[in-house]
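Every chain is numbered from 1, with letters handed out A, B, ... down the list of sequences.
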Protein chains: 2
Amino acid sequence: MSEQKTKFAALHREPAYLKVYRAIEENIIGGGLSDGEALPIEADLCEQFQVTRSTVREGLRLLEQSGLIARGSHKKFIVRRPNASDVAVAASRSLALGGVTFNEVWETLAIYYPQAARLAAKRLDEDSLSALNVVWRSLQDVADDDHDRTVECAVEFFQSLAKGLNNRVMLAMLQSLNLMIGESLRQVIGKAPNARTRILNAQKNILDAFSARDEDLAEEWMAKHIADLKRGYVVANVEMDKPIL
Amino acid sequence: MSEQKTKFAALHREPAYLKVYRAIEENIIGGGLSDGEALPIEADLCEQFQVTRSTVREGLRLLEQSGLIARGSHKKFIVRRPNASDVAVAASRSLALGGVTFNEVWETLAIYYPQAARLAAKRLDEDSLSALNVVWRSLQDVADDDHDRTVECAVEFFQSLAKGLNNRVMLAMLQSLNLMIGESLRQVIGKAPNARTRILNAQKNILDAFSARDEDLAEEWMAKHIADLKRGYVVANVEMDKPIL
DNA sequence: ATAGTACTATTGTCCGACAATAGGATTATT
DNA sequence: AATAATCCTATTGTCGGACAATAGTACTAT
């Protein structure tokens with residue numbers, strides 16, 4: 001049987017636990033199970049799918065990891081459509097794990113954030129602006145040598161900005177970048193002199209530009225802020241081609 | 001015992017399958033298991049972790065879904081560090097699932113891609129340029145009414161561009177966007193007259209700008225291309241506030 | 001040497017059992 | 001009656017053992 005005329009479809013014999021996963025996934029996507037609703041108990045799922053609990057449970061683990069279900073009260077699972085933050089966390093984790101370098105992260109910041117700042121100047125509403133202000137002021141109160149807190153606040157500034165853009169796609173991407181900013185910043189902040197003051201200054205100018213609705217200025221200062229970030233790496237003597245983790 | 005003096009840590013009693021997951025994950029991250037290497041067989045894992053197969057298998061399902069292991073030959077699992085494409089696929093899937101709108105996607109394209117085009121004009125090497133050329137020519141050969149193929153080629157152009165930037169962070173983000181471009185384009189292409197011709201034209205101009213290393217021109221044409229994309233939506237009478245799925 | 005065959009290692013699935021425990025129902029206490 | 005202590009039960013987490021299916025391997029016959 002070397003030559004075969006009719007080719008049959010590669011009949012993918014999936015394990016049953018995958019079918020369980022897909023079935024439930026589809027149900028969630030299709031809206032059969034809406035957000036927040038509790039999943040049927042394992043026994044019922046066994047009944048419905050006609051498989052044993054072990055199999056159902058393996059399917060549940062897939063759903064769990066994919067973020068479509070989460071633990072509600074006690075042990076019950078509730079349906080949960082993944083949101084931008086989940087996406088961001090998973091993405092940045094995988095990227096960091098994949099060994100992306102300081103340079104790759106920085107380059108992306110450099111071409112993305114200044115434009116985001118333009119949009120922010122145009123779009124941020126009063127609430128977002130005041131939220132940013134609060135974050136900025138909290139950075140003001142941080143001690144110069146409290147590196148952890150400095151990083152935290154600096155990143156929080158970017159987070160607030162991202163949220164204020166009111167766009168979930170951007171939010172996911174920017175948040176993902178923010179997590180990586182935090183990761184990389186944490187590793188150099190101790191070695192970069194005046195880090196807090198410089199960040200504080202840059203963010204102040206950005207904030208003012210936002211308030212004034214001056215897109216050009218916002219872009220300009222954001223670009224400077226990002227550039228300064230790189231300067232920090234250089235000063236701290238970080239090899240830009242090294243992985244951030 | 002209403003008032004308690006000493007508060008104990010909230011001792012998170014994790015299920016064992018989670019511990020298995022974390023242990024193996026850490027081993028992979030830490031480099032104990034390198035990329036492509038085969039995972040120990042289930043029985044061995046049971047032995048090492050002192051749990052039963054059911055438990056190990058649940059942990060494996062978590063690893064599977066998180067993309068850290070994949071099926072190698074036969075049934076064995078091999079370790080696999082997630083790459084940019086995995087990230088992109090997962091991210092765009094989740095976002096689409098989360099109900100992001102045409103507008104959110106388009107806005108992101110609009111502020112991101114023109115800048116990416118600038119970088120491309122500066123950085124793309126000869127191989128990438130010729131790859132882009134190949135993609136462009138293949139779109140040339142597509143029939144005007146072959147919508148599926150048109151979308152495929154149009155997206156492929158963006159994909160090649162993203163790959164050529166040589167930056168995994170950008171790659172992940174742009175790929176993610178590309179998938180959503182494809183998804184949204186697929187839904188309007190039938191209703192947008194001359195879609196193929198217009199895409200062909202825009203991409204030609206972008207390509208020429210790349211070849212000429214003209215960053216300004218590249219940005220300009222890319223911006224036009226993106227703007228035209230939106231025009232397509234409008235012409236096709238798509239409600240921009242509707243989810244792309 | 002090749003083709004066919006039997007064997008084996010490993011995964012996928014099933015079954016049945018039991019421990020732990022959150023949450024609800026019930027009872028006791030003031 | 002309100003609160004606290006207690007029991008009950010539904011559900012998950014884990015166990016151990018069993019067997020079927022099958023890819024890969026060793027072996028055999030021609």
Side-chain angles (χ1 to χ4, degrees), chain A residues 1-4 8-25 28 33 36-80, chain B residues 1-4 7-25 27-28 33 36-80:
Chain A
M1 63 166 191
S2 45
E3 88 289 1
Q4 45 192 128
F8 294 102
L11 102 105
H12 44 300
R13 28 170 43 306
E14 293 188 314
Y17 65 79
L18 258 176
K19 294 208 192 112
V20 170
Y21 166 67
R22 278 195 224 292
I24 298 180
E25 177 197 37
I28 293 176
L33 288 161
E37 197 168 338
L39 220 56
I41 62 172
E42 294 176 355
D44 288 350
L45 293 173
C46 296
E47 176 69 24
Q48 294 183 32
F49 293 117
Q50 284 296 305
V51 294
T52 48
R53 264 185 75 211
S54 321
T55 305
V56 163
R57 285 176 62 83
E58 291 190 32
L60 289 180
R61 293 298 89 81
L62 293 178
L63 286 165
E64 189 178 3
Q65 186 67 21
S66 73
L68 282 148
I69 62 178
R71 285 174 195 301
S73 70
H74 187 12
K75 314 197 149 175
K76 277 169 84 173
F77 277 108
I78 58 173
V79 172
R80 206 174 120 265
Chain B
M1 65 166 192
S2 44
E3 89 290 0
Q4 46 191 125
K7 303 201 173 173
F8 293 102
L11 100 106
H12 43 301
R13 30 169 48 302
E14 294 188 313
Y17 65 80
L18 257 176
K19 295 208 192 109
V20 170
Y21 167 68
R22 279 195 223 292
I24 298 180
E25 177 196 37
N27 203 314
I28 294 176
L33 288 161
E37 198 168 336
L39 219 58
I41 63 172
E42 294 176 354
D44 288 351
L45 293 174
C46 296
E47 176 69 22
Q48 293 177 225
F49 293 116
Q50 284 296 305
V51 294
T52 48
R53 264 186 73 212
S54 322
T55 305
V56 164
R57 285 176 62 84
E58 290 190 34
L60 289 180
R61 293 296 89 81
L62 292 178
L63 286 164
E64 188 178 3
Q65 187 67 18
S66 73
L68 280 127
I69 61 177
R71 288 176 194 299
S73 70
H74 186 14
K75 316 196 147 175
K76 279 169 81 172
F77 276 108
I78 58 173
V79 172
R80 205 174 122 266

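- Atoms CZ and CD, on B/Arg80 and B/Glu64 in that order, are 11.0 Å from each other to the nearest 0.5 Å.
- The number of heavy atoms from other shown groups lying within 6.0 Å of CD (B/Glu47) does not exceed 12.
- The nearest whole Å value for the distance from the CD atom in B/Glu64 to the C1' atom in C/dG12 is 12 Å.
- Going from atom CG of B/Leu60 over to atom C1' of C/dT10 covers 13 Å, rounded to whole Å.
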Audit row: A/Arg61, A/Glu58, salt bridge (Lys or Arg N to Asp or Glu O under 4.0 Å) steps and yes/no: CA-CA 5 Å; A/Arg61 293 298 89 81; A/Glu58 291 190 32; over 6 Å; no
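- One finds a side-chain N or O of A/Arg57 lying less than 4.0 angstrom from the OP1 or OP2 phosphate oxygen of D/dG13.
- The separation between B/Tyr17 atom OH and C/dA20 atom P is 18 Å, rounded to whole Å.
- Judged by distance alone with a 3.5 Å cut-off, no donor-acceptor contact links the side chain of A/Arg53 to the base of C/dG16.
- Considering only side-chain atoms of A/Arg61, the nucleotide from D/dG13, C/dT13, D/dG16 that sits closest is D/dG13.
- Across all strands, A/Thr52 comes closer than 4.0 Å to base atoms (heavy-atom distances).
- Atom CZ of A/Phe49 and atom C1' of C/dG12 are 17 Å apart (whole Å).
- In this structure, the side chains of B/Tyr21 and B/Glu14 stay at 4.5 Å or more apart for every pair of heavy atoms.
- Distance B/Glu58 CD to C/dG12 P: 14 Å, rounded to the nearest Å.
- For B/Ala43 and A/Ser54, each mapped to the nucleotide of DNA chain C holding its nearest heavy atom, the one lying further toward the 5' end belongs to B/Ala43.
- Taking atom CG on A/Leu39 and atom P on D/dT11, their separation rounds to 13 Å, with Å as the unit.
- Put simply, CD on B/Glu14 is 10 Å from P on D/dT14, counting in whole angstrom units.
- Residues B/Ile24 and B/Leu39 are in side-chain contact: their nearest non-hydrogen atoms beyond the backbone lie under 4.5 Å apart.
- When the P atom of D/dA23 is taken as reference, atom CD1 of B/Ile41 falls 18 Å away, rounded to whole Å.
- Side-chain atoms of B/Glu42 lie closest to C/dG12 of the nucleotides D/dC15, C/dG12, D/dT12.
- A sub-4.0 Å separation between OP1 or OP2 of D/dC15 and a side-chain N or O of B/Thr55 is present.
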